[in-house]
Amino acid sequence: MTDDRAFVPEDFVVPADLATPQFRLEPLGPRHNAADHAAWTSSIEHIRATPGFQGRAWPPADGMSLEANLADLQRHADDFARRRGFTYTVIEPAGGEVIGCVYIYPSRSDDHDTDVRSWVRADKAGLDAPLHAAVTTWLTTHWPLGTLDYRPR
């Protein structure tokens with residue numbers, strides 16, 4: 001998003017997490033750098049084949065450095081703090097491993113109000129549909145986001 005306007009109303013309390021028996025979401029930030037980097041770099045082909053990521057430049061086919069990933073995570077954390085977009089890391093409850101990510105940003109198209117994308121590691125592919133279902137319910141019942149563009153699983 002190129003402007004500095006908040007994405008949600010000032011009085012909206014942005015949820016700190018979403019927890020299910022299968023995964024937990026928490027705001028993505030620099031502290032997740034090593035685990036986030038390991039998660040997506042182990043699953044580039046899988047993510048690039050995930051609905052919402054096909055034909056996009058991310059994740060880069062050749063990966064990126066840990067330092068570049070840190071800058072990307074800082075940008076997402078800054079967007080979150082400024083309420084311009086919200087990125088959550090997906091964590092496995094039992095071991096605390098990063099297993100995916102959810103991106104919630106204003107739509108760049110006039111067809112929808114909000115673009116939502118999510119991915120899970122290739123070895124956790126069975127969680128893709130449950131994550132999509134839980135996030136869809138969460139966003140439509142607890143967030144003031146209007147219409148969503150979140151590709152079905």
Side-chain angles (χ1 to χ4, degrees), residues 1-2 7-8 14-80 84-143 145-153:
M1 189 166 150
T2 56
F7 176 33
V8 294
V14 176
D17 65 359
L18 169 66
T20 77
Q22 296 173 296
F23 49 80
R24 178 174 50 84
L25 273 58
E26 66 180 49
L28 178 68
R31 74 184 184 283
H32 300 108
N33 190 36
D36 174 76
H37 187 263
W40 72 260
T41 58
S42 72
S43 301
I44 292 172
E45 258 185 57
H46 175 73
I47 296 168
R48 290 175 73 95
T50 298
F53 289 91
Q54 294 126 332
R56 290 185 168 264
W58 195 93
D62 296 332
M64 72 169 71
S65 70
L66 199 55
E67 295 77 20
N69 196 69
L70 179 61
D72 197 40
L73 269 54
Q74 187 60 58
R75 179 181 56 82
H76 285 301
D78 291 347
D79 285 347
F80 202 107
R84 294 187 312 188
F86 304 95
T87 303
Y88 290 85
T89 190
V90 182
I91 298 174
E92 191 171 50
E97 285 184 77
V98 170
I99 58 172
C101 209
V102 176
Y103 308 86
I104 307 160
Y105 275 84
S107 180
R108 293 180 181 177
S109 129
D110 292 334
D111 297 337
H112 298 90
D113 300 310
T114 304
D115 285 333
V116 182
R117 292 187 323 269
S118 64
W119 59 265
V120 294
R121 288 188 332 218
D123 65 335
K124 300 292 181 180
L127 291 177
D128 193 35
L131 175 65
H132 182 275
V135 168
T136 299
T137 299
W138 184 52
L139 294 179
T140 57
T141 60
H142 292 89
W143 289 72
L145 298 178
T147 59
L148 305 179
D149 182 9
Y150 190 13
R151 305 291 163 83
R153 304 302 196 252

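Below, all heavy atoms of this structure are taken into account, side chains as well, without hydrogens, waters or symmetry copies. Everything numeric in this text was worked out from a predicted model, so none of it was measured.
Classified by interplanar angle (parallel below 30°, tilted 30° to 60°, perpendicular above 60°), the ring pair Tyr88/Trp138 is perpendicular. Ring orientation note: the planes of Tyr103 and Trp58 are nearly perpendicular, at an angle over 60° on the 30°/60° scale.
Between Leu139 and Thr114, the closest side-chain pair of non-hydrogen atoms is not below 4.5 Å. Side-chain contact between Asn69 and Asp36 is present, with heavy atoms from C-beta onward closer than 4.5 Å.
Between the side chains of Arg153 and Ser118, a donor-acceptor pair is found at a separation under 3.5 Å.
Judged purely by atom type and a 3.5 angstrom limit, Thr87 has no side-chain atom pairing as donor or acceptor with the backbone of His76. The backbone N or O of Pro59 lies less than 3.5 Å from a partner atom in the side chain of Arg48, making a donor-acceptor pair. Side-chain atoms of His37 come within 3.5 Å of backbone atoms of Met64 as a donor-acceptor pair (strictly under, hydrogens ignored). A donor-acceptor pair is defined here as one N or O able to donate and one able to accept, closer than 3.5 Å; no such pair exists between the side chain of Ser43 and the backbone of Trp40.
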Stepwise salt bridge (charged side-chain N to carboxylate O under 4.0 Å, His left out) check, Lys124 with Glu97: CA-CA 11 Å; Lys124 300 292 181 180; Glu97 285 184 77; 5.6 Å; no
Candidate pair Trp143 and Val14, rule side chain to side chain contact (heavy atoms under 4.5 Å, CB included), full reasoning: CA-CA 8 Å; Trp143 289 72; Val14 176; 3.7 Å; yes
Step-by-step salt bridge (charged side-chain N to carboxylate O under 4.0 Å, His left out) determination, Asp78 to Arg75: CA-CA 5 Å; Asp78 291 347; Arg75 179 181 56 82; over 6 Å; no
Stepwise side chain to side chain contact (heavy atoms under 4.5 Å, CB included) test for Phe86 and Val102: CA-CA 8 Å; Phe86 304 95; Val102 176; over 6 Å; no
Worked check of side-chain hydrogen bond (donor to acceptor under 3.5 Å, both in side chains) between Asp113 and Ser107: CA-CA 5 Å; Asp113 300 310; Ser107 180; over 6 Å; no
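Surrounding CD of Glu45 are at most 12 heavy atoms belonging to other residues, nucleotides or ligands under 6.0 Å away.
Residue Ile44 holds its CD1 atom at 12.5 Å from CZ of Phe53, rounded to the nearest 0.5 Å. Atom CD of Gln54 is separated from atom CD1 of Ile47 by 12.5 Å, given to the nearest 0.5 angstrom. Of the inter-residue distances, the one linking Arg121 atom CZ with Ile99 atom CD1 reads 6.5 Å to the nearest 0.5 angstrom. The line from CD1 of Ile104 to CG of Asp115 is 11.5 Å long, rounded to the nearest 0.5 Å.
The shortest heavy-atom contact between Gly126 and Pro130 is O-CD, 3.3 Å. Across all their heavy atoms, Phe23 and Ala134 have their closest contact at CZ-CB, 3.8 Å. Nearest heavy atoms, Pro30 versus Gln74: CG-OE1, 3.0 Å. The shortest non-hydrogen separation linking Leu70 to Asn33 is N-OD1, 3.2 Å. The minimum heavy-atom distance between Phe80 and Pro15, with the atom names listed, is CZ-O, 4.4 Å. For His112 against Thr147, the heavy-atom pair with the smallest separation is CA-OG1, 3.2 Å.
Applying the ring-ring contact (aromatic ring centres under 6.0 Å, His included) rule to His32 yields no partners; only residues at least two apart in sequence or on another chain are considered.
Considering Ile91, Asp17, Val90, Thr20 as possible partners of Leu25, the one that fulfils the side chain to side chain contact (heavy atoms under 4.5 Å, CB included) test is Val90. With respect to Leu131, the side chain to side chain contact (heavy atoms under 4.5 Å, CB included) criterion is satisfied by exactly one of Leu18, Thr136, Val120: Val120.
Taking the charged nitrogens against the carboxylate oxygens, Glu26 and Arg31 do have a contact shorter than 4.0 Å, which makes a salt bridge.
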